[in-house]
There are 4 protein chains.
Amino acid sequence: MQLSIEPNNGIPIYEQLVRQVKYAVAEGVVAPGQVIPSVREMARQLAVNPNTVQRAYLQLQDEEVLHSLRGRGMAVSTGAKRKCVSDRQQLLAERLEAVLDEAIRGGLDPDRLRDMFEKALKNAVRSGENPT
Amino acid sequence: MQLSIEPNNGIPIYEQLVRQVKYAVAEGVVAPGQVIPSVREMARQLAVNPNTVQRAYLQLQDEEVLHSLRGRGMAVSTGAKRKCVSDRQQLLAERLEAVLDEAIRGGLDPDRLRDMFEKALKNAVRSGENPT
Amino acid sequence: MQLSIEPNNGIPIYEQLVRQVKYAVAEGVVAPGQVIPSVREMARQLAVNPNTVQRAYLQLQDEEVLHSLRGRGMAVSTGAKRKCVSDRQQLLAERLEAVLDEAIRGGLDPDRLRDMFEKALKNAVRSGENPT
Amino acid sequence: MQLSIEPNNGIPIYEQLVRQVKYAVAEGVVAPGQVIPSVREMARQLAVNPNTVQRAYLQLQDEEVLHSLRGRGMAVSTGAKRKCVSDRQQLLAERLEAVLDEAIRGGLDPDRLRDMFEKALKNAVRSGENPT
DNA sequence: GTGGTCTAGACCACC
DNA sequence: GTGGTCTAGACCACG
């Protein structure tokens, strides 16, 4: 599991960690039952404060994506994959709707938005193919 | 010009004000040269601290959307309308692309996204017609 | 006496009036004893609030450049010309020194400043010859 | 980095702070990447309200001289030094020209101004050597 | 009346 | 600890 965080991009680091772990689970990069890197190890790899990693792991535990194996670390929970997949979809839907909602309230019409959507989609796909 | 702010929705009040004034200018609700409500008046209407309104107006002044008429109030600058319209479009495009970018990186395919887009768009339009 | 004020250039309007009247006196455009336009007339000509003109005249009275002739208006005082000439020079010296002082404290060396002075002087002379 | 502010000299405190930080950056007193004193620390040192310091830092952030490191403080941005050096020079040139412009319009001749310049320069240098 | 500045003190999220 | 936001209330200059 290879995570990458961008400090100071506006999104809290712990939040970036939470999302990326969820993505990794949803994509099957880490399978239920599998042990993930320790707080210390992860903090070292990402050059991040251990407190920050701890916070992310705690939140993932609250959301039942991870559970702790006493003395052995944190492991992906059973059922986490299904949960992450549907979470991802719902979160995305909410964010899309929030953006569109503001756009509509801001006076843009749906057809105009569809154009912008297709353009943005093309950019996003391309940048996904040629990661910076 | 009738603004509405939602406290505690995560977006700072002054930022909400900035956006809404820009939208009002973009939509022509207030025309260049026109004087907008005073800091105190706006603060009273929105039940918000005058300093918060002041901060929003100050930022709009920095962005050359407003300018102050000494002793008479703040007025919409010439050229502000064009600026606000293009700003709105660019901001929206960036936000759309950010969401889509993350979606693509998160493993969703374009057709799936198009579906979600249409659904979100329908919701947004409906909530725009029946404002909460 | 032809004055011109620029609203919203940062310098208070009443201050611009004070300076310009002093310049006019220093240059001999208006002579001691001569009556200057009334507050109302001046305010009308410059499209300015009469209170603002009043304030400027009051200050000029305090500085003994003008004095009021009961029922006939304000007139230039005897000795005002000499005073205005020397005031102008002293004010200018102070401002020059303030700028240079900050420049020195800001780390620029005298030779560098001399260059900038000559360049600025050339610009100022040129813009004085071809008034905008 | 040792700043000093003069309350009630007409220039807003936050503006004095902005200028002095820029000077410090231009002079290399603080290098890009370096973390500057926190809002609270600076406020304590200068016996000024933290909000006032905050406002100055915010403006410096808008001008891309500083950027915030979440939870760690404010740091000087890369490229800030070059920017500050050229800003300083341009600002000074503008102010010099403004003063000279008014002097010319006020009827003083260039040679007279050169004399005044040299005298003011001497004073400024001396006061720079024996700081009050 | 207007905008502009400043103080005092509070709460929050983040590291 | 840090920066960021907000409130409350004050004073000033300007028109």
Side-chain angles (χ1 to χ4, degrees), chain A residues 5 7-8 10-17 43 46-56, chain B residues 5 7-17 35-43 46-61 66-75, chain C residues 5 7-8 10-17 43 46-56 59, chain D residues 5 7-8 10-17 35-43 46-61 66-75:
Chain A
I5 59 108
N8 302 69
I11 303 171
I13 294 176
Y14 82 93
E15 183 65 29
Q16 296 184 45
L17 288 176
L46 302 173
V48 148
N49 192 310
N51 283 331
T52 306
V53 178
Q54 175 75 330
R55 179 169 180 175
Chain B
I5 59 107
N8 305 358
N9 73 346
I11 303 172
I13 294 175
Y14 80 92
E15 187 63 31
Q16 296 183 44
L17 287 177
V35 172
I36 66 171
S38 76
V39 171
R40 288 166 172 86
E41 169 62 14
M42 185 66 86
L46 302 174
V48 148
N49 189 290
N51 276 330
T52 305
V53 178
Q54 172 80 333
R55 180 169 179 178
Y57 281 12
L58 188 62
Q59 182 170 331
L60 286 163
Q61 209 170 356
L66 301 180
H67 60 275
S68 88
L69 304 176
R70 280 190 315 224
R72 292 200 290 127
M74 309 280 288
Chain C
I5 60 107
N8 303 69
I11 302 171
I13 293 175
Y14 81 94
E15 184 65 29
Q16 295 183 45
L17 287 176
L46 303 173
V48 148
N49 190 310
N51 282 332
T52 305
V53 178
Q54 175 74 330
R55 180 168 180 174
Q59 182 169 331
Chain D
I5 58 110
N8 306 355
I11 303 172
I13 294 175
Y14 80 92
E15 187 64 31
Q16 295 184 44
L17 287 177
V35 172
I36 66 171
S38 74
V39 171
R40 288 166 173 85
E41 170 62 14
M42 186 65 87
L46 302 174
V48 149
N49 189 288
N51 276 331
T52 304
V53 178
Q54 172 79 335
R55 180 170 180 176
Y57 282 11
L58 187 62
Q59 181 170 332
L60 287 163
Q61 208 170 358
L66 302 180
H67 60 275
S68 90
L69 302 175
R70 279 190 315 224
R72 292 199 290 127
M74 308 279 289

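Lettering follows sequence order; numbering is per chain, from 1. Small disclaimer: the values here were computed from a predicted structure and weren't measured.
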Has [X] got a side-chain N or O lying under 4.0 Å from the OP1 or OP2 atom of [N]?
X	N	result
D:R72	F:dT2	no
A:Y14	E:dC14	yes
B:Q54	E:dG3	no
B:Q61	E:dG3	no
B:T52	F:dT5	no
B:S68	E:dT2	no

Among [options], which is the nearest nucleotide to the side chain of [X]?
X	options	value
B:M74	E:dG4, E:dC15, F:dG9	E:dG4
D:S38	F:dG3, E:dG3, E:dC6	F:dG3
D:N51	E:dG9, E:dG4, F:dG15	E:dG9
B:R70	E:dT7, E:dC15, F:dG15	F:dG15
A:R55	F:dG15, E:dC15, E:dC14	E:dC14

Return the value, rounded to whole Å, for the distance between atom [atom1] of [X] and atom [atom2] of [N].
X	N	atom1	atom2	value
B:R40	F:dA10	CZ	C1'	11 Å
C:Q16	F:dA13	CD	C1'	15 Å
D:N49	F:dA8	CG	P	17 Å
B:L58	E:dG4	CG	P	7 Å
C:I11	F:dA13	CD1	P	17 Å
C:L17	F:dC14	CG	P	12 Å
B:N8	F:dT5	CG	P	14 Å
B:L69	E:dG1	CG	P	18 Å

> Distance from D:H67 atom NE2 to D:M74 atom CE, nearest 0.5 Å?
Replying inline: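 With rounding to 0.5 Å, NE2 (D:H67) is 8.5 Å from CE (D:M74).
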> Roughly how far apart are C:T52 OG1 and C:I13 CD1, rounded to 0.5 Å?
Replying inline: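 Between C:T52 OG1 and C:I13 CD1, I get 5.5 Å after rounding to 0.5 Å.
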> Relative to the 5' end of DNA chain E, which residue comes earlier, B:P37 or D:P12, by the nucleotide with the nearest heavy atom?
Replying inline: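 Counting from the 5' end, the first nearest nucleotide belongs to B:P37.
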> Quick one: on DNA chain F, does D:G73 or B:V48 contact a more 5' nucleotide (nearest heavy atom)?
Replying inline: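 This one resolves to D:G73.
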>> I'd like to know whether CZ of D:R70 has more than 12 heavy-atom contacts from other residues, nucleotides or ligands below 6.0 angstrom.
In response: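 Buried by this count: over 12 neighbours within 6.0 Å.
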> Checking side chain to side chain contact (heavy atoms under 4.5 Å, CB included) for the pair B:Y57/B:I36: CA distance, chi angles, key distance, verdict?
Replying inline: CA-CA 10 Å; B:Y57 281 12; B:I36 66 171; 3.5 Å; yes
>> Assess, by modelled atom type and distance only, whether the side chains of B:N9 and B:Q16 contain a donor and an acceptor separated by less than 3.5 Å.
In response: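 Side chains of B:N9 and B:Q16: pair found under 3.5 Å.
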>> With side chain to side chain contact (heavy atoms under 4.5 Å, CB included) as the criterion, how do A:L46 and A:L17 come out once you've worked through the C-alpha distance, each side chain's angles and the decisive distance to 0.1 Å?
In response: CA-CA 10 Å; A:L46 302 173; A:L17 288 176; 3.5 Å; yes
> Under a 3.5 Å cut-off for both distances, is F:dC11 Watson-Crick or wobble paired, and to whom?
Replying inline: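 Pair assignment: F:dC11 / E:dG4.
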